[in-house]
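To keep things clear, I will list the structure first and then write my remarks on it.
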Number of protein chains: 2
Amino acid sequence: MPFANTEIPGRFQTLLAERGIRMTGQRRAILNVIETAKKHLDAGQILRRARKLDASIDRSTVYRTLGLLKRHGLIDELDLMHLEGEAHYYERKPDRGHIHLACLRCGKIIEFDSDLFESLKAQMEKECGYRIAVARLEVGGYCSKCRT
Amino acid sequence: MPFANTEIPGRFQTLLAERGIRMTGQRRAILNVIETAKKHLDAGQILRRARKLDASIDRSTVYRTLGLLKRHGLIDELDLMHLEGEAHYYERKPDRGHIHLACLRCGKIIEFDSDLFESLKAQMEKECGYRIAVARLEVGGYCSKCRT
DNA sequence: ATTCTGTTGCAACTCTGTTGCAACAACCCG
DNA sequence: CGGGTTGTTGCAACAGAGTTGCAACAGAAT
Ligand SMILES: [Mn+2]
Ligand SMILES: [Mn+2]
Ligand SMILES: [Zn+2]
Ligand SMILES: [Zn+2]
């Protein structure tokens, strides 16, 4: 997310419409916040940003919409090692899964792509007989600047 | 954990003593619960079991002890896809990291070891310049019995 | 035994997320 | 375009997980 400006804005709306999901002003606001985010946001941050577009939006609507997007596989939910508090973070589900590394000292998050990760997912499906819906690899460590 | 009976009981106590950590009755009870657990436990379950050994233990002591063990790298914290509620789960940190697959329908958790996973961690350390302290790979999907 | 210091129980609290319900607004159909 | 159906919303109350300040307490070392 701190990357990928390759997203068509309104993508979520299209995908949800295709599946016959009713579109509302509140949902448009929330989708827009998530689609245009340049970093990982938690539910509280999404709420605050969405309220700038539609001041009446309630917390419960944000959670319900996040639930909807999760069920439809359009977003991923992350812990990011719960570096501050217990909130979960959200991001558009990328075409290709990526890994999150969090620095336990400075909090920097970096994202990482790897063919090895793709192979590993394939191996799990094959050897465990699971059909994978979501795979989260999150790493805590110390970035080059923070190593003691 | 649903496996690994290869642990020396009292291992945690030794490791903490070596690091000059004060040992108390409450801690002994909690460590004992975690060391002998045959499945992943959340803080509430750990509390209930620990109270059978020392009835006066408080919730906050469990959380403080879990924090201690996490800081010392003796346990891992897991989401297990938050299949029921928002609690986190705990297990002894194994010598070799393993992957958790959760079935989104029946809740079955399976654990999986892979050389690919070890290589991937090595690759991340090398390419990202992070020193990895903890790596969590958690997968949600559908087990062979639950596939539609 | 005494002292020092880290630990505990308690109670109150914060924060994240959920739910029942009545009012409301999309969307479909004619 | 209305008008009805049904999914969605705000609200307010709730539930659950985890945290904190503090006074009493208990390890460990002398
Ligand atoms: Mn979590
Ligand atoms: Mn495990
Ligand atoms: Zn750092
Ligand atoms: Zn299953």
Side-chain angles (χ1 to χ4, degrees), chain A residues 10 12-34 40-51 53-72 75 77-90, chain B residues 12-14 16-34 40-51 53-72 75 77-90:
Chain A
F12 283 175
Q13 263 193 74
T14 310
L15 288 168
L16 291 173
E18 278 169 8
R19 300 178 200 197
I21 304 298
R22 195 174 290 190
M23 190 47 49
T24 67
Q26 294 90 328
R27 282 182 180 168
R28 257 187 295 272
I30 294 166
L31 301 188
N32 184 43
V33 167
I34 296 173
H40 306 96
L41 301 176
D42 66 28
Q45 295 169 321
I46 293 170
L47 174 61
R48 261 173 274 125
R49 293 184 185 201
R51 276 191 162 150
L53 305 173
D54 175 341
S56 74
I57 295 182
D58 188 72
R59 225 146 46 77
S60 59
T61 300
V62 170
Y63 282 110
R64 290 192 271 232
T65 303
L66 289 171
L68 178 76
L69 295 172
K70 275 193 275 179
R71 283 196 306 280
H72 286 268
I75 57 173
E77 186 177 52
L78 308 170
D79 270 32
L80 299 182
M81 302 316 287
H82 288 309
L83 289 183
E84 36 187 331
E86 297 293 316
H88 291 109
Y89 295 85
Y90 302 89
Chain B
F12 283 174
Q13 264 193 73
T14 309
L16 291 173
E18 279 170 7
R19 300 178 200 198
I21 303 298
R22 193 173 292 189
M23 190 49 48
T24 67
Q26 294 91 329
R27 282 182 181 168
R28 257 187 295 273
I30 293 166
L31 301 188
N32 184 42
V33 167
I34 297 172
H40 305 97
L41 300 176
D42 66 28
Q45 295 168 320
I46 293 170
L47 173 61
R48 260 172 275 126
R49 293 185 184 202
R51 276 190 163 152
L53 305 173
D54 176 341
S56 74
I57 295 182
D58 188 72
R59 241 173 51 260
S60 58
T61 300
V62 170
Y63 283 110
R64 289 191 272 231
T65 302
L66 290 170
L68 179 76
L69 296 172
K70 274 193 277 180
R71 282 196 307 281
H72 286 267
I75 57 172
E77 186 178 53
L78 308 170
D79 269 30
L80 299 183
M81 302 317 286
H82 288 309
L83 289 183
E84 36 187 334
E86 298 293 318
H88 291 108
Y89 296 85
Y90 302 90

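So that the names make sense, note that chain A is the first sequence line, chain B the second, and so on, each numbered from 1.
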TODO: Applying side chain to side chain contact (heavy atoms under 4.5 Å, CB included), run through A:I46 and A:L66 and close with a yes or a no.
DONE: CA-CA 10 Å; A:I46 293 170; A:L66 289 171; 4.0 Å; yes

- [ ] Could you please spell out the steps behind the side chain to side chain contact (heavy atoms under 4.5 Å, CB included) verdict for B:E18 and B:T14?
- [x] CA-CA 6 Å; B:E18 279 170 7; B:T14 309; 3.9 Å; yes

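With values rounded to the nearest 0.5 angstrom, B:H72 atom NE2 is found 6.5 Å from B:L16 atom CG. Going from atom OG1 of A:T24 over to atom CD1 of A:I30 covers 7.5 Å, rounded to the nearest 0.5 Å.
Judged purely by distance below 3.5 Å, without hydrogens or angles, the side chains of B:Y90 and B:E77 pair a donor atom with an acceptor atom.
Between A:L16 atom CG and D:dT8 atom C1' there is a gap of 14 Å when expressed in whole angstrom units. Rounded to whole Å, atom P of D:dA17 lies 11 Å from atom CG of B:L47. Distance B:Y89 OH to D:dG16 C1': 12 Å, rounded to the nearest Å. Rounded to an integer number of Å, the gap from CD of B:E86 to C1' of D:dA17 is 9 Å.
Along DNA chain D, the nucleotide nearest to B:G25 and the one nearest to B:G44 differ in position, and the one closer to the 5' end is contacted by B:G44. Each of B:R28 and B:G85 lies near DNA chain D, and the nucleotide nearest B:G85 is the one positioned closer to the 5' end. Checking B:R51 against A:E84, the closest nucleotide of DNA chain C that is more toward the 5' end is the one next to B:R51.
Chain B approaches DNA chain C within less than 4.0 angstrom (heavy atoms of the protein), and the contacting nucleotides run 5' to 3' from C:dT5 to C:dG17.
In this structure, A:H82 contributes its side chain and A:A87 its backbone to a donor-acceptor pair below 3.5 Å. Under the 3.5 Å distance criterion, the side-chain polar atoms of B:R49 are left unmatched by any main-chain donor or acceptor of B:L41.
Annotation: side chain of A:T65 is not in contact with side chain of A:Q26 (no heavy-atom distance under 4.5 Å). Between A:D79 and A:H88 the shortest side-chain heavy-atom distance falls below 4.5 Å.
Heavy-atom minimum distance, B:H40 versus B:L78: CD2-CD1, 3.6 Å. Of all heavy-atom pairs spanning B:D58 and B:R51, the tightest one is CA-NH2, 4.1 Å.
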Short heteroatom pairs, N/O only, protein and nucleotides 28-30 of chain D, under 3.5 Å:
| from | atom 1 | to | atom 2 | distance (Å) |
| --- | --- | --- | --- | --- |
| D:dA28 | OP1 | B:M23 | N | 3.3 |

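B:L53 is linked by a side chain to side chain contact (heavy atoms under 4.5 Å, CB included) to B:A29, B:N32, B:V33, counting only residues two or more places apart in sequence or in another chain. Looking at residues two or more places apart in sequence or on another chain, you find no side-chain hydrogen bond (donor to acceptor under 3.5 Å, both in side chains) involving B:R71.
In this structure, the helix from C:dA1-D:dT30 to C:dG30-D:dC1 shows an angle of 40° between the axis at its start and the axis at its end, each fitted on 5 base pairs and rounded to 10°.
Remark: B:R59, B:S60, B:Y63, B:R64 in residues 57-68 of chain B come within less than 4.0 Å of DNA chain D through at least one heavy atom.
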